[in-house]
Asks: 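Dropping the structure in here first, questions after.
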Amino acid sequence: RESRYEIFSHGLRVGDLTTIFSHTVHNDRKALRFESKTRVRADLLVFAVAYDSHETAVVTEQGTVSYRRTDRRKGKPPTAT
């Protein structure tokens, strides 16, 4: 299932967010996969913001078994956790 959202700041659209939930299998067990993608671009008179983020997680009845996040701010190299 996919959901899409628009991100606004002070009445201006500055970005978007997409989330995806899907069923998957992890170690022969049912699991839920979550994915989130965020993109923000704001070029204002006083400052500019550029941000991209991508998160993925796999969750089973026992809890979170996998999580990864990468993000990039204003052209800096991506960071991952």
Side-chain angles (χ1 to χ4, degrees):
R1 177 173 144 187
E2 181 174 300
S3 299
R4 294 179 182 265
Y5 306 91
E6 294 178 333
I7 300 170
F8 287 85
S9 178
H10 301 286
L12 300 173
R13 184 176 182 272
V14 295
D16 53 76
L17 167 67
T18 303
T19 60
I20 301 169
F21 288 97
S22 59
H23 295 278
T24 189
V25 176
H26 178 78
N27 291 339
D28 297 325
R29 303 188 98 154
K30 292 180 184 178
L32 180 67
R33 183 174 187 276
F34 170 77
E35 183 175 355
S36 170
K37 295 178 184 178
T38 305
R39 181 171 188 247
V40 174
R41 298 284 183 275
D43 204 1
L44 307 173
L45 293 175
V46 181
F47 67 95
V49 174
Y51 176 76
D52 293 291
S53 173
H54 185 213
E55 291 179 282
T56 57
V58 176
V59 181
T60 66
E61 290 177 350
Q62 287 72 40
T64 304
V65 294
S66 169
Y67 177 79
R68 179 169 173 86
R69 182 186 70 155
T70 58
D71 61 12
R72 180 187 306 260
R73 297 174 190 269
K74 279 194 174 182
K76 294 180 181 177
T79 58
T81 56

Asks: Can you list everything that forms a ring pair (Phe, Tyr, Trp, His ring centres under 6.0 Å) with Tyr51? Sequence neighbours excluded, please.
Replies: none

Asks: Mind checking what makes side chain to side chain contact (heavy atoms under 4.5 Å, CB included) contact with Val25, not counting sequence neighbours?
Replies: none

Asks: More than 12 foreign heavy atoms under 6.0 Å from CZ of Arg13: is that the case here?
Replies: yes

Asks: Hey, which of Arg72, Glu35, Lys37 is the one that makes side-chain hydrogen bond (donor to acceptor under 3.5 Å, both in side chains) with His54?
Replies: Glu35

Asks: Taking all non-hydrogen atoms of both residues, which atom of Ala42 and which atom of Val14 are closest, and how far apart?
Replies: CB-CG1, 3.9 Å

Asks: Is there a continuous path of hydrophobic side-chain contacts, each under 4.5 Å between heavy atoms, that joins Phe21 to Val59?
Replies: no

Asks: How far does OG1 of Thr60 sit from CZ of Arg29, to the nearest 0.5 angstrom?
Replies: 7.0 Å

Asks: Going from OH on Tyr5 to OG1 on Thr19, what distance comes out if it is rounded to the nearest 0.5 angstrom?
Replies: 4.5 Å

Asks: Please report the closest heavy-atom contact between His26 and Val58, naming both atoms and the distance.
Replies: CB-CG1, 4.3 Å

Asks: Quick one: does any side-chain atom of Thr64 pair with a main-chain N or O of Ser66 as donor and acceptor, under 3.5 Å?
Replies: no

Asks: Quick one: do Ile7 and Leu12 end up in the same hydrophobic cluster if we chain Ile, Leu, Val, Met, Phe, Trp and Tyr together by side-chain heavy atoms under 4.5 Å apart?
Replies: yes

Asks: Should the pair Arg41-Asp52 be classified as a salt bridge under the 4.0 Å nitrogen-to-oxygen rule?
Replies: yes

Asks: What's the separation between atom CG in Leu17 and atom OG in Ser3, rounded to the nearest 0.5 Å?
Replies: 9.0 Å

Asks: Distance check, rounded to the nearest 0.5 Å: Glu2 atom CD versus Ile20 atom CD1?
Replies: 4.5 Å

Asks: Tell me which pairs pass salt bridge (charged side-chain N to carboxylate O under 4.0 Å, His left out) where either residue lies in residues 55-64, with sequence neighbours left out.
Replies: none

